[in-house]
Amino acid sequence: MAELINGKELAQSIRQILKIKCDELKEKGIKPKLAVILVGDDSASKIYVRNKNKACEEIGIEFEEYILKEETTTQESLIKLIENLNENPNIHGILLQSPIPQNLDINEAFRTINPDKDVDGFNPLNVGKLSLGQDTFVACTPHGIIKMLEEYKIDLEGKNVVIVGRSNIVGKPLIQLCLNKNATVTVCHSRTQNLEEYTKKADILIVAIGKPNFIKEDMVKQDAVVIDVGINRIDGKLAGDVDFENIKNKASYITPVPGGVGPMTIAMLMNNVIKAAENQKLKTK
Ligand code: NDP
């Protein structure tokens, strides 16, 4: 029976440490502040933004929300807003909630966010720094996964890490983070043939595809570590990409959904906002 990787509990302890750091910054006259931009009416995005707001409140990070209507938001107005937030010395972190409507260019928007305020780690400069192994803002979900593995003392060195999913926000940054830990990394995606041949070789299997219960027990090696990034809604309930009930008897460690990767993602966002505030304080000294 696998040990459960309790992301909820771990995220809670990280938030407590961040609260202390936030209080220390405030004593020095710096009030960490996150600006979140939400364009359109996506219901999942609204829930994510609400959860980020709650986490900020708990830690003492100020939170400013810009809710833009899909019909009236142009590329120019979105870019102008980001530029204004870049210029505002009271804002330490800027987050553009994705997805945004298709008529808007998200790449230009991410490019416009000041890299020093890019708490989601999606500005190409920060993506490049990650590839070069330099200190930067790392995308929150992959960062949270690595943090979990560290906390549970799961060593990646020399291990076969198989990542299923190659999105810019999860799979791709994970490649670099796992390489930095000296893992042997394989990345699978929708065009991969005979997927199970790869997943069965994984010492550590990380799945981020967005298909409920897609990875079955016979696709997983005995005693593998299984990290389930997926968040799928079935009949109002959340399910991961992994068939948790059956795989939990075979894996050595497994993350639940909910309560696994999700809370860690938010904790890493909070971590990045505090880091941004600390860095900006150093720059203005
Ligand atoms: P994307 O849709 O951007 O990417 C999905 C990836 O999965 C793609 O690379 C795709 O391949 C691959 N894929 C799809 N179907 C298959 C298949 N049958 N076999 C192998 N690979 C496949 O998703 P995201 O990365 O944004 O999110 C993935 C999941 O993680 C979603 O459920 C999302 O809700 C969740 N998520 C959870 C977070 C958290 O905090 N817990 C944060 C972010 C996401 P291809 O590139 O070829 O199309």
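Everything numeric in this text was worked out from a predicted model, so none of it was measured. Every number for a ligand or one of its atoms is a count from 1 in the order of the listing.
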Checklist line | Element-labelled atoms of ligand 1 that are located less than 4.0 Å from some non-hydrogen atom of A208 | finding: 5 (C), 6 (C), 7 (O), 28 (C)

Next item on the list: For ligand 1, find out whether one of its N or O atoms is nearer than 3.5 Å to an N or O atom of R191.
Entry: no

Check: Considering only heavy atoms of I169, which atoms of ligand 1 have at least one such atom less than 4.0 Å away?
Finding: 26 (O), 43 (C)

Margin query: Return the closest protein heavy atom for atom 36 (N) of ligand 1 as residue, atom name and distance.
Written below: V229 O, 3.7 Å

Check: Side chain of N123, backbone of R111: donor and acceptor closer than 3.5 Å?
Finding: yes

Next item on the list: Give the residue, atom name and distance (to 0.1 Å) of the protein heavy atom nearest atom 33 (C) of ligand 1.
Entry: I231 N, 4.1 Å

Note to self: Pairs of nitrogen or oxygen atoms closer than 3.5 Å, one from V164 and one from ligand 1: do any exist?
What the structure shows: no

Note to self: Taking NZ in K250 as the centre, count heavy atoms belonging to other residues, nucleotides or ligands within less than 6.0 Å. Is the count above 12?
What the structure shows: yes

Notebook entry, point to check: When you measure from atom 12 (C) of ligand 1 to each heavy atom in L174, I209, T192, which option holds the nearest one?
Noted result: I209

Checklist line | Salt bridge present between D135 and K129 (N-O < 4.0 angstrom) | finding: no

Checklist line | Numbered atoms of ligand 1 (with element) below 4.0 Å of G262, judged on heavy atoms | finding: 40 (O), 41 (N)

Next item on the list: Starting from atom 9 (O) of ligand 1, locate the nearest protein heavy atom and write down its residue, its atom name and how far away it is, to 0.1 Å.
Entry: R166 N, 2.8 Å

Next item on the list: Using a strict 4.0 Å threshold on nitrogen-to-oxygen distance, state whether K216 and E196 make a salt bridge.
Entry: no

Margin query: Would the distance check show the side chain of S131 and the main-chain N or O of V127 forming a donor-acceptor pair, the cut-off being under 3.5 Å?
Written below: yes

Margin query: For residues F122 and L81: do they belong to one hydrophobic cluster (side chain heavy atoms under 4.5 Å, members Ile, Leu, Val, Met, Phe, Trp, Tyr)?
Written below: yes

Check: Is there a heavy atom in C188 that sits closer than 4.0 Å to ligand 1?
Finding: no

Next item on the list: Just jot down the ligand 1 atoms closer than 4.0 angstrom to any heavy atom of G210, in number order.
Entry: 28 (C), 29 (C), 31 (C), 32 (O)

Next item on the list: Report the part of M264 in contact with ligand 1, treating N, CA, C, O as backbone and CB onward as side chain, heavy atoms under 4.0 Å; options are side chain, backbone, both, neither.
Entry: neither

Next item on the list: Please could you name the atoms of ligand 1 that T265 approaches to less than 4.0 Å, counting only its heavy atoms?
Entry: 39 (C), 40 (O)

Note to self: List ligand 1 atoms under 4.0 Å from K211, heavy atoms only on the residue side.
What the structure shows: 14 (C), 15 (N), 16 (C), 18 (N)

Check: For atom 2 (O) of ligand 1, is some protein heavy-atom partner under 4.0 Å away?
Finding: no

Check: Cluster question for you: counting only ILVMFWY and a side-chain heavy-atom cut-off of under 4.5 Å, with indirect links fine, are I209 and I227 together?
Finding: no

Next item on the list: Using the side chain to side chain contact (heavy atoms under 4.5 Å, CB included) rule, pick out the option among D241, N213, I215 that qualifies with D228.
Entry: D241

Notebook entry, point to check: What are the atoms of ligand 1, with element, lying closer than 4.0 Å to any heavy atom of V170?
Noted result: 25 (O), 43 (C)

Checklist line | Under-4.0 Å salt bridge between K248 and E245 | finding: yes

Margin query: I'd like to know if E58 pairs up with R15 as an ion pair, taking the criterion as any Lys NZ or Arg NE/NH1/NH2 lying under 4.0 Å from an Asp or Glu carboxylate oxygen.
Written below: yes

Margin query: For E64 and Y66, which I'm curious about, is there any donor-acceptor pair between the side chains at under 3.5 Å?
Written below: yes

Checklist line | Nearest neighbour in protein (non-hydrogen) for atom 45 (P) of ligand 1 | finding: S190 OG, 3.4 Å

Next item on the list: Starting from atom 17 (C) of ligand 1, find the nearest protein heavy-atom neighbour and note its residue, name and distance.
Entry: F214 CZ, 4.0 Å

Margin query: Return the closest protein heavy atom for atom 20 (C) of ligand 1 as residue, atom name and distance.
Written below: H189 O, 3.2 Å

Note to self: Can you give me the closest heavy-atom contact between M148 and V261, atom names plus distance?
What the structure shows: CE-N, 3.7 Å

Next item on the list: Return yes when atom CD of Q134 has more than 12 non-hydrogen atoms of other residues, nucleotides or ligands closer than 6.0 Å, and no otherwise.
Entry: yes

Item checked: Nearest-neighbour protein heavy atom for atom 42 (C) of ligand 1, which is reported as residue plus atom name and distance -> T141 OG1, 3.2 Å

Item checked: Shortest protein heavy-atom distance from atom 23 (O) of ligand 1, along with the residue and atom involved -> S167 CB, 4.4 Å

